[in-house]
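For the single chain, residues carry numbers from 1 onward in sequence order.
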Amino acid sequence: MNLPILVLTVALLAVLIAACLLPVRGDGGEDRGDGRAVVIIPRHTKTPPRHPRTWLFFIVVAAASLIFLGLRRPSLGALYAGAVSHVAAALTGNQASVNGYVPWLRPALVFFGVAYIIGTAVVVRANLGRRLVILGHAVLYLTMTILAQSLMIAIGIASGWLVAPFGIEATLANLLIGGLVVMRLTFTTFILPRATTLPRARRPRRWDTLLTCCALVTVVTLLIAGYAFISEQPNLGTAWQVGLPLYAATILFALMFAPLWLLWWINPKLPEPARDCPPVDIIVPAYNEVENIARLLRSIDVAAASYGGPVRVTVSNDGSTDDTAQVAADEIARLRYARGWVLTGQNAGQSAALNRAIAATDAEILVRIDADCVMGEDALVFTVPWFTDPEIGCVGAMEEPRTDTVTWFHRMRVLETAFQFRFARLGQSLVDGIVVIPGTFMAMRRGPVEAAGGFPVGMNGEDSDVTMQIGRLGYRVVVDPRIRSYEDVPRSPGEFVEQRTRWARAGFHVYARHVPLRSGTAGPRVWFWTLRRGFSWFSIQAGLVAPVFLLELALTEPGYRDRLLAFGLLYVAGGGVILAVSLPYAIKNGHWRSVLWAPTWVAYAFLRRLGTLEAAISLPARPFPARPAQPLPATAPARAPAYAEADRTAEIPAPEAGRSLLSLLQPEASPPAGARRSPSTWAATGRPGSPRRAPRHPREPRRKSRRS
């Protein structure tokens with residue numbers, strides 16, 4: 001072993017890793033907000049309906065795949081293997097042993113990363129300088145993988161261990177390096193919010209950290225054992241080695257939930273419904289929801305009847321141009337067990353609408369629910385008792401699609417929510433690792449929400465950001481399988497991709513505000529689950545390149561044509577772990593038609609990945625060379641993104657020193673408590689400041705807690 005070259009190689013790899021982490025650690029100067037409640041960054045570019053940049057991305061990927069597979073002299077795969085061979089031989093001084101490793105190198109996964117970077121450089125909305133910088137990340141990625149795989153060969157030769165650059169350890173290393181490079185690309189290319197400035201008030205919870213670490217070690221051990229056969233000589237060069245390593249990260253994180261989920265079910269610790277029924281404020285942001293608002297309000301009245309305590313509904317009408325306000329007022333007048341009113345303001349975005357409602361209410365328990373959802377009958381019965389524990393700051397429900405309209409997307413969403421809510425988030429709940437309680441049903445304690453400044457204005461993912469902020473302040477976030485909420489689901493591929501694009505863009509924004517390298521750690525929610533989101537960007541995009549590459553491989557390589565079916569089945573099996581968890585729940589709840597549509601899951605998963613690509617190429621890009629950051633002003637106007645893609649926006653002032661955002665968002669026409677409201681703005685069956693106690697629904701004593 002050549003010790004000086006070994007030290008130099010390790011040092012170079014460490015420097016390159018640091019080069020990936022430094023941009024993630026540093027804040028950009030583009031966000032002119034206050035770092036807490038207001039984000040002021042350039043608005044994203046709306047994607048055209050025909051998605052021309054997405055099609056161009058796949059054309060570039062297909063061309064790169066043909067070059068990779070068809071270029072014989074020099075063969076790109078051989079060039080890569082030769083580079084690994086030279087570095088490994090320099091490290092070990094044993095070319096003969098190195099030659100035994102090199103022929104089995106299959107740099108398909110490395111190509112997926114390079115092809116994604118090249119495609120991004122071509123389609124991103126940026127100047128030529130920034131595109132060239134993006135291409136430089138391909139060189140960075142290749143360099144790091146060559147060094148890592150050479151070190152693996154050196155370790156295998158020196159120690160005699162089963163360490164090789166073509167086994168599961170190499171796959172995990174490539175995914176780790178790919179995640180680092182893509183994170184660097186993201187933070188240097190796009191304009192993102194700066195880190196949250198909310199101080200951490202969370203005390204260490206060692207049990208959460210210990211359980212998360214034990215689950216991670218257990219799953220990695222099982223994964224290595226399961227992939228051991230890939231390193232056996234009969235399996236080298238087969239479809240398994242080409243395709244299966246791509247799903248290593250997906251399988252790792254899916255199985256990561258299993259031991260935590262099992263521990264949760266052994267001792268769920270669900271609170272029993274109590275006789276004490278404190279007041280609850282339900283806030284509903286609404287923009288042009290005339291088709292949905294009445295259905296939601298009727299469901300809230302049913303839930304209020306089951307609850308038996310005072311329930312007040314505030315419909316925060318965000319400048320709707322249809323009859324949302326009137327329909328909501330008429331429906332509120334017919335409520336029997338809840339009281340409510342309509343608060344109308346200028347169209348300023350969903351977060352501003354929510355903050356207006358928070359400022360106009362006073363109950364300690366807040367429930368935020370979107371206007372296109374339906375609340376479960378016992379949602380309040382099982383939600384409120386959680387808040388008797390002073391450590392609980394946020395409670396979520398089990399989400400399911402509404403059943404009034406059923407499409408293929410509803411069938412697939414049934415399977416998706418079964419995995420996400422009844423499996424993954426129950427496991428995360430055990431270790432306080434939930435990163436988002438969706439706005440489809442989000443019960444919150446008022447104190448931490450106001451301390452965080454309310455819902456952040458000017459970014460996507462306001463529900464996820466508030467969830468993170470509540471955890472940052474030291475409160476736990478939980479979900480309860482007894483609480484049900486029913487959400488609307490897109491009905492066409494265009495609507496679905498647009499929704500997932502918004503969700504993916506929210507992932508970029510929230511990650512930038514809460515990544516541990518910027519804002520510090522606050523339990524497993526940040527140091528593992530949030531960090532995992534950043535590394536998943538690489539595997540998600542590699543999954544877009546994979547089917548193009550595998551198809552061209554089968555068509556251009558005669559030796560692989562007979563394996564075309566195997567490649568197809570392998571790609572479909574990538575979602576098998578999710579389906580293995582989802583299908584039993586679907587069968588248990590009688591969703592047989594969703595079960596029958598399960599073979600089409602691969603198409604649904606592919607559309608989800610498209611949303612991440614669309615989000616990345618619609619984000620505003622930094623120019624190159626970057627402009628120097630200017631000092632942040634004391635106050636600055638914040639342009640809120642329009643709710644539901646509306647064209648109108650309103651100026652929201654940034655909080656002044658000593659004032660909260662909620663106080664600035666008080667409705668202009670808010671009269672003193674007890675004063676009569678104008679029917680054009682307020683529609684209430686009782687005074688908003690003092691709702692009367694709803695009569696208890698006549699029934700037998702409350703049901704005991706049950707599992708769903």
Side-chain angles (χ1 to χ4, degrees), residues 16 19-33 39-64 67 113-144 178 180-194 458-460 501-502 504-509 511-513 515 518 534 537-538 540-541 544-545 610-632 636 639 641:
L16 295 179
C20 292
L21 295 177
L22 288 177
V24 181
R25 185 179 181 85
D27 261 335
E30 296 89 356
D31 184 1
R32 318 303 292 169
V39 173
I40 306 175
I41 56 177
R43 191 177 170 85
H44 67 272
T45 302
K46 191 173 181 179
T47 303
R50 295 185 182 276
H51 307 282
R53 292 178 182 267
T54 301
W55 287 107
L56 179 58
F57 175 86
F58 284 109
I59 291 173
V60 172
V61 166
I67 294 173
V114 172
Y116 165 68
I117 295 171
I118 294 174
T120 301
V122 172
V123 303
V124 73
R125 293 176 171 86
N127 60 19
L128 178 60
R130 179 56 64 189
R131 294 174 191 272
L132 293 176
V133 172
I134 294 174
L135 285 175
H137 286 80
V139 178
L140 175 64
Y141 175 60
L142 285 171
T143 304
M144 294 178 71
L180 287 171
V181 173
V182 170
M183 272 198 291
R184 186 188 191 281
L185 185 155
T186 301
F187 278 86
T188 56
T189 302
F190 304 114
I191 298 176
L192 299 170
R194 62 191 178 103
M459 60 174 282
N460 291 98
T501 299
R502 286 187 284 109
R505 194 182 301 120
F508 286 112
H509 285 176
Y511 187 84
R513 278 171 61 90
V515 63
R518 283 184 162 191
W537 292 339
F538 174 78
I540 288 173
Q541 302 307 336
L544 286 175
V545 179
L610 276 182
T612 304
L613 174 63
E614 292 276 1
I617 62 181
S618 66
L619 289 171
R622 292 177 172 176
F624 185 85
R627 301 186 186 96
Q630 300 295 325
L632 292 174
R639 183 173 294 276

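Using a 4.5 Å cut-off on side-chain heavy atoms (C-beta onward), Arg50 and Trp55 make no contact. Side-chain contact between Leu610 and Phe58 is present, with heavy atoms from C-beta onward closer than 4.5 Å. Considering only heavy atoms from C-beta on, Val124 comes within 4.5 Å of Phe190 through its side chain.
Cys20 and Leu140 make their closest contact through SG-CD2, 3.8 Å (heavy atoms, listed as atom of the first residue, atom of the second, distance). Ile117 and Leu135 get closest at one heavy-atom pair: CG2-CA, 4.5 Å. The two atoms that bring Ile41 and Gly458 nearest to each other are CG1-O, 4.3 Å, heavy atoms only. Here the closest heavy-atom approach between residue Asp31 and residue Ile40 is recorded as OD1-N, 3.0 Å. Shown here for Leu180 and Met144, the closest heavy-atom pair between the two residues is CD1-CE, 4.5 Å.
In this structure Tyr141 satisfies the ring-ring contact (aromatic ring centres under 6.0 Å, His included) test together with Phe538, sequence neighbours excluded. The salt bridge (charged side-chain N to carboxylate O under 4.0 Å, His left out) check on Arg53 picks up nothing, with sequence neighbours excluded. For Arg184, the salt bridge (charged side-chain N to carboxylate O under 4.0 Å, His left out) test picks out no residue, with sequence neighbours left out. Considering only residues two or more places apart in sequence or on other chains, Leu56 meets the side chain to side chain contact (heavy atoms under 4.5 Å, CB included) condition with Val60, Val122, Val123.
A distance of 13.0 Å separates CE of Met459 from CZ of Phe508, quoted to the nearest 0.5 Å. Rounding to the nearest 0.5 Å gives a distance of 10.5 Å between CD of Gln541 and CG of Leu185. Between Thr186 atom OG1 and Ile134 atom CD1 the span is 9.5 Å, to the nearest 0.5 Å. Taking NE2 of His51 as the reference point, atom OG1 of Thr501 lies at 7.0 Å (rounded to 0.5 Å). In this structure, CG on Asn127 lies 7.5 Å from CZ on Arg130, to the nearest 0.5 angstrom. From Leu613, atom CG reaches atom CH2 of Trp537 across 14.0 Å, with rounding to the nearest 0.5 Å.
Annotation: ring-ring contact (aromatic ring centres under 6.0 Å, His included) contacts involving residues 116-138, sequence neighbours excluded, are absent.
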**Request:** Assess whether side-chain contact (heavy atoms from CB on, under 4.5 Å) is satisfied between Val39 and His509, documenting all intermediate values.
**Result:** CA-CA 10 Å; Val39 173; His509 285 176; over 6 Å; no
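Residue-environment remark: CZ (Arg125) exceeds the threshold of 12 foreign heavy atoms within 6.0 Å.
Formation of a donor-acceptor pair under 3.5 Å by the Arg518 side chain with backbone atoms of Gly26 is found in this model.
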Got a list of side-chain donor-acceptor pairs under 3.5 Å for residues 616-624, not counting sequence neighbours?
| residue | atom | partner | partner atom | Å |
| --- | --- | --- | --- | --- |
| Ser618 | OG | Arg505 | NH2 | 3.3 |
| Ser618 | OG | Glu614 | O | 3.0 |
| Ser618 | OG | Ala615 | O | 3.1 |
| Arg622 | NE | Glu30 | OE2 | 2.9 |
| Arg622 | NH1 | Phe187 | O | 3.2 |
| Arg622 | NH2 | Glu30 | OE1 | 3.3 |

